[in-house]
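Numbers for residues simply follow the sequence, beginning at 1. These numbers were taken from a predicted model, which means no experiment stands behind them.
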Amino acid sequence: MSEPVAPARSRHTKEEKVTQKTSTDPPTWLIGYNLLSGCLWSFVFLNVFATYLTFGNLLQTFELTHYWTTAIQCCAIIEVINAATGVVKSPVITTAMQVASRLLVVLGVWTVLPEASGNTSYAYLTVHFAWGVAEVVRYYYYANHLISQQRQAPGIAPPQVPKFLLWLRYNAFLVLYPMGISSECYMVYRAVGAALARGTSGFTAYALFLCIVLIAYVPGTVVLFSHMLHQRAKQQKTLKTKKVDSKSE
């Protein structure tokens, strides 16, 4: 007499599991956001280097491209909001630190002091190389990672993040981060002289502020780079665990 009841409970349990799994699917808008951001940073990268290769002039490259980079970089404020509201699991402090350092460059140097010599140096190219490659890899990695977490139809395996993208995400920063930070510091350093050259008390105070920021780059760099090394070690440990599990099967 109890046999007909068991299947009903089983079906109910399965339905609850499906409902729970569906509720944990990553939001579609977040996938779209990462794909769009990857496209925008691809544009930034290509825009700067195509302009430089076309005109061969750093001043002209800066004048024609820095507005685009500034506008797109300002959108990174969304990253801080997403971290603060729990939409993503990224630490709020490290996310805010990275965004703030870049906003200092695009707004505090390029916009406020466009005449600073660092803006028309090769640092402008190297910072775009570091930022561009890092952001394209990061956004496309996250988009693929979120897609792999979506619920699939029965019998269909979820898509996996491409191995080359996974490798770049957790290894490319070893070169790109020092390149980006050193380029940022150089441009901020050159902006100090440009601020002093304005000859007003306001810009003299601003030059002092930039000097303080340069000092703050030292501990900030240690914190951010250590965080990324920790993430890299964590990912490598996860990969090793998966390999051991697959061999044991």
Side-chain angles (χ1 to χ4, degrees), residues 33-79 97-143 162 164-165 167-169 171-198 203 206-207 210 213-214 217 220-221 224-225 228:
Y33 166 77
N34 281 282
L35 290 173
L36 177 60
S37 298
C39 290
L40 289 174
W41 276 101
S42 297
F43 165 76
V44 166
F45 182 88
L46 294 173
N47 183 43
V48 169
F49 287 96
T51 302
Y52 178 70
L53 291 175
T54 300
F55 298 102
N57 185 291
L58 286 168
L59 174 59
Q60 199 166 8
T61 300
F62 172 75
E63 291 177 342
L64 292 173
T65 63
H66 81 278
Y67 292 111
W68 287 103
T69 306
T70 299
I72 293 171
Q73 181 56 60
C74 285
C75 294
I77 295 174
I78 298 173
E79 302 283 325
M97 287 173 61
Q98 186 170 15
V99 171
S101 68
R102 292 189 180 186
L103 290 180
L104 172 70
V105 173
V106 300
L107 296 176
V109 177
W110 297 353
T111 304
V112 176
L113 298 166
E115 73 276 14
S117 60
N119 299 341
T120 54
S121 68
Y122 284 107
Y124 185 75
L125 297 182
T126 54
V127 81
H128 273 91
F129 184 87
W131 288 1
V133 174
E135 294 299 71
V136 169
V137 169
R138 184 170 72 92
Y139 282 119
Y140 284 144
Y141 166 79
Y142 281 133
F164 79 93
L165 200 57
W167 186 89
L168 287 172
R169 172 68 184 119
N171 290 279
F173 78 89
L174 295 171
V175 174
L176 296 176
Y177 190 77
M179 180 188 295
I181 284 293
S182 59
S183 301
E184 291 175 30
C185 288
Y186 178 77
M187 286 189 285
V188 173
Y189 169 73
R190 302 301 297 182
V192 173
L196 291 173
R198 292 283 183 97
F203 276 100
Y206 188 61
L210 292 177
V213 169
L214 281 173
Y217 258 97
T221 299
L224 290 174
F225 198 68
M228 289 185 287

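Looking at residues two or more places apart in sequence or on another chain, you find a ring-ring contact (aromatic ring centres under 6.0 Å, His included) between F129 and F45. Every residue meeting the ring-ring contact (aromatic ring centres under 6.0 Å, His included) condition with F173, not counting sequence neighbours, appears here in chain and number order: F225. By the ring-ring contact (aromatic ring centres under 6.0 Å, His included) test, W167 pairs with no residue at all, sequence neighbours left out. Residues that satisfy the ring-ring contact (aromatic ring centres under 6.0 Å, His included) test with Y67, not counting sequence neighbours, are absent from this structure.
Contact of the Y177 side chain with the T221 side chain is registered, since non-hydrogen atoms from C-beta on lie closer than 4.5 Å. A heavy-atom distance below 4.5 Å is not found between the side chains of V133 and L168.
With values rounded to the nearest 0.5 angstrom, Y33 atom OH is found 9.5 Å from L40 atom CG. Here the OG atom belonging to S182 is positioned 9.5 Å from the CE atom belonging to M187, to the nearest 0.5 angstrom. Atom OH of Y52 and atom OH of Y122 lie 3.5 Å apart (nearest 0.5 Å). Taken from CG in L224 to CE in M228, the straight-line distance is 6.0 Å, to the nearest 0.5 Å. Residue N34 holds its CG atom at 11.0 Å from SG of C39, rounded to the nearest 0.5 Å. The CG atom of L176 sits 10.5 Å away from atom CD of E135, with the distance rounded to the nearest 0.5 Å.
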Are L210 and L104 close enough, and set up right, to give a side chain to side chain contact (heavy atoms under 4.5 Å, CB included), and what steps lead you there? CA-CA 9 Å; L210 292 177; L104 172 70; 4.1 Å; yes
The test is side chain to side chain contact (heavy atoms under 4.5 Å, CB included); show your working for T69 and N47 and say whether it passes. CA-CA 9 Å; T69 306; N47 183 43; 5.7 Å; no
Could you walk me through whether W41 and R138 pass side chain to side chain contact (heavy atoms under 4.5 Å, CB included), step by step? CA-CA 10 Å; W41 276 101; R138 184 170 72 92; over 6 Å; no
Apply side chain to side chain contact (heavy atoms under 4.5 Å, CB included) to the pair T70 and C74, showing each step before the final yes or no. CA-CA 6 Å; T70 299; C74 285; 4.3 Å; yes
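With hydrogens and angles disregarded, no donor-acceptor distance shorter than 3.5 Å links the side chain of Y141 to the backbone of P162.
Applying the salt bridge (Lys or Arg N to Asp or Glu O under 4.0 Å) definition to pairs two or more places apart or across chains, none involves residues 43-60.
Side-chain polar atoms of T51 and T65 form no donor-acceptor pair below 3.5 angstrom. A donor and an acceptor atom, one from each side chain of R169 and Y142, are located under 3.5 Å apart.
With V48 as reference, Y124 is the one residue of F43, W131, W68, Y124 to meet the side-chain contact (heavy atoms from CB on, under 4.5 Å) rule.
Here R102 does not pair with E79 in a salt bridge; the nearest charged N to carboxylate O distance is not below 4.0 Å.
Taking both residues in full, the closest heavy atoms of S42 and Y140 are given as OG-OH, 3.9 Å, listed atom of the first, atom of the second, then distance. Minimum heavy-atom separation, M97 to G220: CE-CA, 3.6 Å. Nearest heavy atom pair, residue T126 against residue S183, reads OG1-OG, 2.6 Å. Taking each heavy atom of V127 and E184 in turn, the nearest pair found is CG2-CG, 4.0 Å. When all heavy atoms are compared, the tightest approach of F203 to A195 is CB-O, 3.2 Å. Residues S117 and R190 share a closest heavy-atom pair of OG-NE, 2.8 Å.
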Could you pull out all donor-acceptor pairs under 3.5 Å where a side-chain atom in residues 107-116 meets a protein atom, sequence neighbours excluded?
from, atom 1, to, atom 2, distance (Å)
T111, OG1, V106, O, 2.8
E115, OE1, R198, NH2, 3.2
E115, OE2, R198, NE, 2.8
E115, OE2, R198, NH2, 3.2

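The aromatic rings of H66 and F62 sit parallel to each other, their planes meeting at less than 30°, with 60° as the upper class boundary.
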